[in-house]
Trainee: 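Just dropping this structure here.
The figures here come from the full heavy-atom set of this structure, side chains too, leaving out hydrogens, waters and symmetry mates. Ligands are counted one by one from 1 in listed order, and the atoms in each one are counted from 1 as well. These numbers were taken from a predicted model, which means no experiment stands behind them.
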Amino acid sequence: MQGEDALVIVDVQNDFCPGGALPVAAGDTVVAALNRYIENFKAAHLPIFATRDWHPESTSHFNTCGGVWPPHCVQGTRGAEFHPHLALPDDIVVVSKGMGCDEDSYSGFQGTDGSGVPLADLLRQCGAKRLFVGGLATDYCVKHTVLDGLKEEFQVVLLEDAIRAVDLQPGDGERAIAEMIRAGADKSSGREQIPA
Ligand code: VGL
Ligand code: ZN
């Protein structure tokens with residue numbers, strides 16, 4: 001890790017974990033890995049961002065309104081809360097996305113903080129050049145966040161031990177990882193770059 005690194009935790013919310021409305025298999029197993037990264041980034045005084053899916057009750061993103069997904073991560077519900085064991089520091093920056101009635105917003109870069117500042121601006125404001133990305137789900141929000149991060153000209157390290165896939169089709173997660181690597185992401189688990 002170095003002074004220009006930031007940790008970006010994608011959508012580690014109850015609804016994407018076992019028991020939630022749109023559960024990712026073993027989704028909750030990313031929590032322990034992410035908590036280790038959080039500790040390391042905190043100790044190095046490096047910035048940490050957490051994105052969240054933050055949908056209205058009615059949106060074209062949901063199968064109740066013509067979309068693909070069962071309703072999930074509705075604003076203010078328990079399902080939209082971060083996983084209770086995710087050890088988010090108090091000064092974490094929360095980036096919300098998917099608030100519109102007509103958008104999927106899979107990418108954290110479509111999200112904003114409480115004052116409406118987009119993620120890319122928040123990252124640049126704190127001098128970040130390299131992003132370490134983990135969370136849920138590999139084949140949707142992690143993938144789109146990583147690809148947009150690269151388009152925004154950040155270096156991106158995919159935290160392979162801290163992601164899990166929806167796998168609507170078997171192999172979607174593996175294909176998403178391949179796509180991220182092709183686009184320029186570093187597949188390192190981050191372990192050699194982050195002291196344990
Ligand atoms: C996500 C499907 C629908 C995700 C969000 O966070 O990966 N997937 N909404
Ligand atoms: Zn969603």
Trainee: So which protein heavy atom does atom 4 (C) of ligand 1 come closest to, and at what separation?
Mentor: C141 SG, 2.8 Å

Trainee: Any idea which protein heavy atom is nearest atom 5 (C) of ligand 1, and the distance to it?
Mentor: D53 OD2, 3.1 Å

Trainee: To the nearest 10 degrees, could you say what angle the Zn ion (ligand 2) makes with NE2 of H61 and NE2 of H72?
Mentor: 100°

Trainee: Does ligand 1 have an atom under 4.0 Å from some heavy atom of Q13?
Mentor: no

Trainee: Is it true that K42 and E39 have a side-chain N and a carboxylate O under 4.0 angstrom from each other?
Mentor: yes

Trainee: Rounded to the nearest 10 degrees, what's the angle NE2 of H55 makes with OD2 of D53 at the Zn ion (ligand 2)? Could you check?
Mentor: 80°

Trainee: Under 2.8 Å from the Zn ion (ligand 2) - does any N, O or S atom of C73 fall there?
Mentor: no

Trainee: Does the distance from a Lys or Arg side-chain N to an Asp or Glu carboxylate O, for D53 and K97, drop under 4.0 Å?
Mentor: yes

Trainee: Look at atom 8 (N) of ligand 1 and say which protein heavy atom is nearest, naming residue and atom and giving the distance to 0.1 Å.
Mentor: Y140 CB, 3.7 Å

Trainee: Check whether any N, O or S atom of C141 sits under 2.8 Å from the Zn ion (ligand 2).
Mentor: no

Trainee: Cut-off 3.5 Å, no hydrogens considered: what does the side-chain donor-acceptor table look like for residues 145-153, sequence neighbours left out?
Mentor:
unit_1, atom_1, unit_2, atom_2, d
T145, OG1, G108, N, 2.9
T145, OG1, C141, O, 2.6
D148, OD2, S107, OG, 2.6
E152, OE1, R124, NH2, 2.8

Trainee: Can you tell me if D104 has an N, O or S atom under 2.8 Å away from the Zn ion (ligand 2)?
Mentor: no

Trainee: How long is the straight-line distance from OG of S58 back to CG of D102, given to the nearest 0.5 Å?
Mentor: 10.5 Å

